[in-house]
Amino acid sequence: MVKSTFFEGDGMERTLIGNLRQAIGQKVKVQGFLHVLRDQKKMQFLVLRDTTGMVQVAHYRPANEDLANQISALTPESALTIFGTVVDNPIVKLGGLEIQLESLLVNNLAEAPLPLDPTAETLPSIDYRMDWRYLDLRRRQSLTLFQVETAVEMAMREYWVQNGFIEIQSPKIMGAPSESGAELFEIKYFEGKAYLAQSPQFYKQMAMAAGFDRVFEIGPVFRADPSFTSRHMTEFTGIDMEMSWIDSHDDVMSFQERWLQYIYKRVKETHGEAIQEYFGVDLVVPEVPFPRLTMAEAYAILKDQNYALPPEKKGDIDPGGERLLGQYVKEKYGNDFVFIIDWPIAVRPFYHMRHEDNPGLTKSFDLLGSGLEITTGAQREHRYDILLRQAEEKGLHAEPIQDYLNFFRYGCPPHGGFGLGLARLMMVMLNLPNIREAVYLFRGPNRLTP
RNA sequence: GGGGGCGUGGUGUAGCGGUUAACAUGCGGCCCUGUCAAGGCCGAGAUCGCGGGUUCGAACCCCGUCGCUCCCGCCA
């Protein structure tokens, strides 16, 4: 980094705006974006913004005409370094303090006008915001979202590590599809071809065969579904975990609900106020256990509410039905979350274990958050013969998945796990209408830039 | 893949058969002894996505097309 050696005050340590209260009376160096400029005849006010807050910087024009002219030439959202003295001033609405400006360094003058104004009250359309995402992300709400997401991931890891989990990183380039049905992105791979992983499913199960007991992974997954909705992406961050020595899928669910409760608890502690301020959401730590509804019960409720399920969808629930169930559970149990359990084999993959006493049903579950599907989980079938038979029943040939099937030939504990969409969890947590807002950069059928 | 909706100054909207196409915000200029989502005045900026049609006349009606968006399917 090139430094101006003759610039007054350079070499000082940066003070974050959030810490200025402790620096009253001191000379400080503050760096950030120019939020607004009020350039008056005698007085000039700059509001500077960094990730910790905003502060007013004042300059009395006649005190330094050169500096005054420099200020007048500034444009909103320019990147600035300012030097000045922090003074307590109860009249200032922004934090009751201000900085008396002494000198100013323009690190990067923003062009005017801005294509997207991060300080504006009205929001451009979602697509336009994606075009200018780096300016859109300067909005305080966006910053908060990613601070919350960081806390979410940290809390996840804390809970996993406390419970003996090992983190894995499975490959995203695969020679064969990991699950049938879902659409795969095919890529050129030297002379042949390969696929982008649409799930770490097989690899996290391999860790069970490897004796890892409990594993988790946070990583990208790819789906070549041309879905045009507010909750689908072609690339997203998958949260996956798998645990051994379970008795049934109920062990997985009871782990997940306590894990989620811990996440909410930690996030509320650290970001509850910011979430209230910038999202208008009073974060509620969910009670455990979450309500559980069997598919049969869910159907009965929907029927009772006069919800018309599409006739051809025997054994599944459509998004409208999920939203209604979410409302129902919220009203009846006061919980935003609900497990829908015991799904018919017709709508579940071959590796889901089936109930001994009812082979038409799987030991599986979905988790709905505010009526949005955020998780699918199950106990897996770990017995080779049965797994092979179930694959064949689903019309799958053993050959392409033989590597996977082999995991279960040399000693493999009973196990289960789940996958959760990180961005969907953020939608539920912060009450967001669109998944595009919940991710750093959105990837969809029509969006590959920036 | 199927269906619905929407494309009007930079942005967000109003107008929905005859308007100098309106408003907000932003931008530029001037004014204002401390402002604080500042305020006041002035100004620039839109052939109303594109193509065709109906009509004396189209931003407005019709057809096509492109783009975006939402819903369904599929899922996380």
Side-chain angles (χ1 to χ4, degrees), chain A residues 35-47 54-63 72 75-77 87 89-98 100 110-132 135-136 140 179 181-183 198-201 220-240 309-310 312-313 316-323 347-349 366-369 372-377 418-428 433-436 438-439 444-447:
Chain A
H35 193 76
V36 290
L37 172 64
R38 290 188 283 274
D39 190 4
Q40 301 174 181
K41 190 174 190 179
K42 283 280 166 54
M43 290 299 300
Q44 294 173 306
F45 298 98
L46 299 76
V47 175
M54 296 196 280
V55 65
Q56 173 165 291
V57 180
H59 181 244
Y60 182 58
R61 263 183 179 277
S72 292
T75 49
E77 292 301 310
V87 295
N89 188 348
I91 291 168
V92 179
K93 292 179 181 175
L94 197 56
L97 57 76
E98 69 181 357
Q100 290 174 343
E111 290 179 30
L114 294 158
L116 186 154
D117 178 4
T119 70
E121 286 181 33
T122 55
L123 224 46
S125 69
I126 189 73
D127 194 53
Y128 189 81
R129 289 169 59 196
M130 295 299 105
D131 286 341
W132 299 98
L135 294 175
D136 182 52
R140 193 77 214 183
E179 290 185 47
E183 295 292 329
Q198 53 98 300
S199 161
Q201 180 62 36
V221 291
F222 306 89
R223 305 274 168 93
D225 291 308
S227 295
F228 301 94
T229 76
S230 56
R231 60 186 187 281
H232 287 87
M233 299 184 279
T234 50
E235 175 181 352
F236 63 94
T237 301
I239 310 285
D240 275 86
L309 282 158
E312 74 274 17
K313 292 208 52 176
D316 208 347
I317 302 174
D318 61 8
E322 290 177 341
R323 286 189 287 271
V347 295
R348 290 308 212 196
D366 273 11
L367 177 63
L368 307 184
L372 177 67
E373 188 175 332
I374 61 174
T375 281
T376 295
F418 66 81
L420 176 147
L422 176 59
R424 286 198 178 178
L425 178 61
M426 297 306 294
M427 287 175 76
V428 172
N434 196 310
I435 204 162
R436 292 164 179 79
V439 292
N446 298 329
R447 173 62 72 170

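Letters A, B, ... are given to chains in the order of the sequence lines, protein chains preceding strands, and every chain is numbered from 1.
Contact between the side-chain N/O atoms of A:Arg323 and the OP1/OP2 oxygens of B:C72 is found at a separation under 4.0 Å. Listed pair A:Lys93 / B:C36 fails the phosphate criterion, with no side-chain N or O lying under 4.0 Å from OP1 or OP2. Within the structure, every side-chain polar atom (N or O) of A:Asn89 is placed at least 4.0 Å from both OP1 and OP2 of B:C36. Applying the 4.0 Å criterion to OP1 and OP2 of B:C68, one finds that A:Asn446 has a side-chain N or O inside that range.
Remark: the separation of the C1' atoms in B:G18 and B:C60 is 11 Å, to the nearest Å. Between the P atoms of B:G51 and B:C66, the separation comes to 15 Å (whole Å). Nucleotides B:C36 and B:U69 place their C1' atoms 38 Å apart, quoted to the nearest Å. Atom name C1', nucleotides B:G9 and B:G5: the rounded distance is 24 Å, in whole Å.
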Practice problem: Show your reasoning for whether salt bridge (charged side-chain N to carboxylate O under 4.0 Å, His left out) applies to A:Arg447 and A:Asp131. | Solution: CA-CA 9 Å; A:Arg447 173 62 72 170; A:Asp131 286 341; 3.0 Å; yes

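Between the base of B:G34 and the side chain of A:Gln40 there is no donor-acceptor pair shorter than 3.5 Å. The base of B:C70 lies outside donor-acceptor range of the side chain of A:Arg231, with no N or O pair under 3.5 Å.
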Using the 3.5 Å cut-off, write out each protein N or O paired with an N or O of nucleotides 7-11 of chain B and the distance between them.
{"from": "B:G10", "atom 1": "O2'", "to": "A:Tyr128", "atom 2": "OH", "distance (Å)": "3.4"}

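Ranking B:C71, B:A76, B:U35 by closeness to the A:Ser230 side chain, first place goes to B:C71. The side chain of A:Arg223 lies closest to B:C75, out of B:C75, B:G1, B:C36. The listed nucleotides are B:G34, B:A38, B:G26; the one nearest the side chain of A:Asp117 is B:G26. Of the candidate nucleotides B:U33, B:C68, B:C75, B:U33 has the atom lying nearest to any side-chain atom of A:Lys42.
For B:A22, the paired base is B:U13 (Watson-Crick or G-U wobble, both distances below 3.5 Å). Using N1 to N3 plus N6-O4 or O6-N4 for Watson-Crick, or N1-O2 and O6-N3 for G-U wobble, each under 3.5 Å, B:A76 pairs with nothing.
At the heavy-atom level, A:Arg436 lies under 4.0 Å from the strands shown only through sugar-phosphate atoms.
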